[in-house]
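Report on one structure; see the data block that follows.
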Amino acid sequence: LENIPDYRLRPVLRVFVKPLVQSCPPEHYETVLCPILGPLFSYLLQRLSGKWVVINQRGLLEAESGGPEENPESQEMLDEQLTRLLTRESIDLMTVCCCVKKGPETMPGDMDDDEMMNTNDGPHVGSEELTDLGKCLLKSEEICKALLATAYSAVIWNDTITCQRATLQLCWPLIKQVLSATLHSDATSWFFMSVLRGLQMHGQHEGCLAALVNLAFMIYEALRPRYPELKTVMQQVPQISGDALDQFDSKLLNPSSHKMGDKRRKDLFKKLLSGCIGKPLGQKFKKEVHIKNLPTLFKKPKPQPTTPIEETNEDNILAPLFSRNQNHSLLHQ
């Protein structure tokens, strides 16, 4: 596999491995598919991780230099695009192997990229469950590590489509299956930190934002009672209020004394994470402008009131005209 280029490896996954998984009888999962998929998933994780490290380093260099190069190498652009396509193909293969939709809705993997990004009310995190093959694969410790590492690494890779597919389809069903086992505290912290880093990278996209916040909430709600280290991770979120976090924690650990709806808890949790949610490029360096109450530009002068003296003079002028003596002299004339 090391000698196969990316554009050749994609058809191998799509044309050979995926139909093999879909056509294999359940009684041959352990004897046929597990020996093939275990090394394959481990190799894909190693290969994709190395490629994304190079891409991320290139992005950091461009950011430090003030922007992308004027004439980037065409081979670098081609390699990056092929890496994205191979990553999406790998996530789709893992989804076919491990997850099945609970309802008849359309799977995100069946949508076009544009439909995927424009779907804000689409499938929600937790609407998938493991297949029999997925349960069989997770019995192997090595395959389980490769699947979990790939799913949660895909969240922080710089590809929005990959992040959304992994978040909606893979991350929660895989970790939910291993909740009954005793996970290492470092592993749980890494899972949770990966989701928070995904929020920082992809939070400006509405579809990714909703899915990642929901996934982070479900992980924190499920693992926080057993792993206090998750609170330490939450305390590292920029601009988080310690008092608000303590109140949320007390309500989470004592649900009987603090009755709260699911939507209300999610809204509170999203406010706690507001400091690590990524912003669009146009809003990233926006300076907050606070305009004070300025005086009006054109001030209309107030009319001058008439003085009592003027009123008295006018009365003195008009009064003789209507006096009785004056009326009598006018009749005689």
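Rounding to the nearest 0.5 Å gives a distance of 11.5 Å between CZ of Arg88 and CG of Leu86. Note: Thr150 OG1 to Gln46 CD = 11.0 Å, rounded to the nearest 0.5 Å. Residue Asp159 holds its CG atom at 7.5 Å from NE2 of His202, rounded to the nearest 0.5 Å. Here the OG1-CG distance, from Thr167 to Asn214, works out to 10.5 Å after rounding to the nearest 0.5 Å. Once rounded to the nearest 0.5 Å, the distance linking CE of Met201 with CD of Gln204 reads 9.5 Å. Separation of atoms CE (Met234) and CD (Glu229) is listed at 15.0 Å; rounding is to 0.5 Å.
Ser250 places a side-chain N or O within donor-acceptor distance of the main-chain N or O of Gln247, the cut-off being under 3.5 Å. Between the side chain of His184 and the backbone N or O of Asp186 there is at least one donor-acceptor pair closer than 3.5 Å. Not a single donor-acceptor pair under 3.5 Å links the side chain of Arg226 to the backbone N or O of Leu183. Between the side chain of Tyr152 and the backbone N or O of Cys171 there is at least one donor-acceptor pair closer than 3.5 Å. A donor-acceptor contact shorter than 3.5 Å links the side chain of Asn56 to the backbone of Trp52. A distance-only check finds no donor-acceptor pair linking the side chain of Ser23 to the backbone of Leu20 [under 3.5 Å]. Side-chain N or O atoms of Ser274 include none that pairs as donor or acceptor with a backbone N or O of Lys270 at under 3.5 Å. Side chain of Thr131 to backbone of Cys97: a donor-acceptor contact under 3.5 angstrom is found.
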For a side chain to side chain contact (heavy atoms under 4.5 Å, CB included) check, start with the C-alpha distance between Ile143 and Leu147, then their side-chain angles and the critical distance, and finish with the verdict. CA-CA 6 Å; Ile143 301 177; Leu147 285 171; 4.0 Å; yes
Under the side chain to side chain contact (heavy atoms under 4.5 Å, CB included) rule, what do Cys136 and Cys34 come out as? Steps first, then yes or no, please. CA-CA 8 Å; Cys136 180; Cys34 287; 3.6 Å; yes
For the pair Leu196 and Val233, evaluate side chain to side chain contact (heavy atoms under 4.5 Å, CB included) and give the outcome as yes or no after the intermediate values. CA-CA 9 Å; Leu196 297 185; Val233 177; 3.8 Å; yes
Could you walk me through whether Gln81 and Leu85 satisfy the side chain to side chain contact (heavy atoms under 4.5 Å, CB included) test, starting with their C-alpha distance in whole Å, then the side-chain angles of each, then the deciding distance to 0.1 Å, before giving a yes or no? CA-CA 6 Å; Gln81 185 63 22; Leu85 295 176; 4.2 Å; yes
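The pair Lys231-Asp246 meets the salt-bridge criterion, since a charged nitrogen lies less than 4.0 angstrom from a carboxylate oxygen. Ionic pairing of Lys18 and Glu89 is present here: one or more N-O contacts between side-chain nitrogen and carboxylate oxygen are shorter than 4.0 angstrom. Using a cut-off of 4.0 Å between Lys/Arg side-chain N and Asp/Glu carboxylate O, Asp92 and Arg14 are scored as not salt-bridged.
Within the 4.5 Å cutoff, the side chain of Val237 has no heavy atoms near those of the Leu272 side chain. Counting only heavy atoms from C-beta outward, the side chains of Leu137 and Cys98 approach each other to under 4.5 Å. Contact of the Val155 side chain with the Leu199 side chain is not registered, since no non-hydrogen atoms from C-beta on lie closer than 4.5 Å. In this structure the side chain of Ser153 reaches within 4.5 angstrom of the side chain of Trp190, judged on heavy atoms. By the 4.5 Å heavy-atom criterion applied to side chains, Arg47 and Leu9 are counted as neighbours. Under the 4.5 Å side-chain criterion, counting only non-hydrogen atoms from C-beta, Gln200 is not in contact with Ile277. Two residues are said to be in side-chain contact when any heavy atoms from C-beta on lie closer than 4.5 Å; Tyr227 and Tyr220 fail this criterion. Proximity of Ile91 to Ile161: side-chain heavy atoms (C-beta onward) are nowhere separated by under 4.5 Å.
In summary, the side chains of Thr95 and Gln169 do present a donor paired with an acceptor at a separation below 3.5 Å, with no hydrogens or angles considered. Side chain to side chain, Thr83 and Trp157 fail the donor-acceptor criterion of an N or O pair below 3.5 Å.
A chain of hydrophobic side-chain contacts below 4.5 Å, direct or via other Ile, Leu, Val, Met, Phe, Trp or Tyr residues, connects Leu148 to Met218. Leu253 and Phe248 fall into different hydrophobic clusters, defined by Ile, Leu, Val, Met, Phe, Trp and Tyr side-chain heavy atoms under 4.5 Å apart, directly or through other members. There is a path of hydrophobic side-chain contacts, each under 4.5 Å, that joins Phe16 to Tyr43. Clustering ILVMFWY residues whenever any of their side-chain heavy atoms sit less than 4.5 angstrom apart, transitively, puts Ile219 in the very cluster that holds Leu209. Hydrophobic cluster membership is shared by Leu252 and Leu179, with clusters built from Ile, Leu, Val, Met, Phe, Trp and Tyr side chains linked at under 4.5 angstrom.
Taking both residues in full, the closest heavy atoms of Gln239 and Gly275 are given as OE1-CA, 4.4 Å, listed atom of the first, atom of the second, then distance. Heavy atoms only, all atoms of each residue included: Ser90 and Leu48 are closest at OG-CD1, 3.8 Å. Annotation for Ala216 and Phe192: closest pair O-CE1, 3.5 Å, computed over non-hydrogen atoms. Closest non-hydrogen pair, Cys208 versus Gln164, comes out as SG-CB, 4.0 Å. Of all non-hydrogen atoms in Cys163 and Leu212, the two that sit nearest each other are SG-CD1, 4.0 Å. Summarising the geometry of Val178 relative to Cys144, their closest heavy-atom pair is CG1-SG, 3.8 Å, with the distance given to 0.1 Å.
Crowding of Arg10 atom CZ: a count of heavy atoms from other residues, nucleotides or ligands under 6.0 Å exceeding 12. Within 6.0 Å of CD on Glu141 lie no more than 12 heavy atoms contributed by other residues, nucleotides or ligands.
Considering Asp79, Thr87, Asp6 as possible partners of Lys51, the one that fulfils the side chain to side chain donor-acceptor pair (under 3.5 Å) test is Asp6. Here the rule is side chain to side chain donor-acceptor pair (under 3.5 Å) with Asp267, and of Lys263, Lys271, Arg265, Arg264 only Lys263 fits it.
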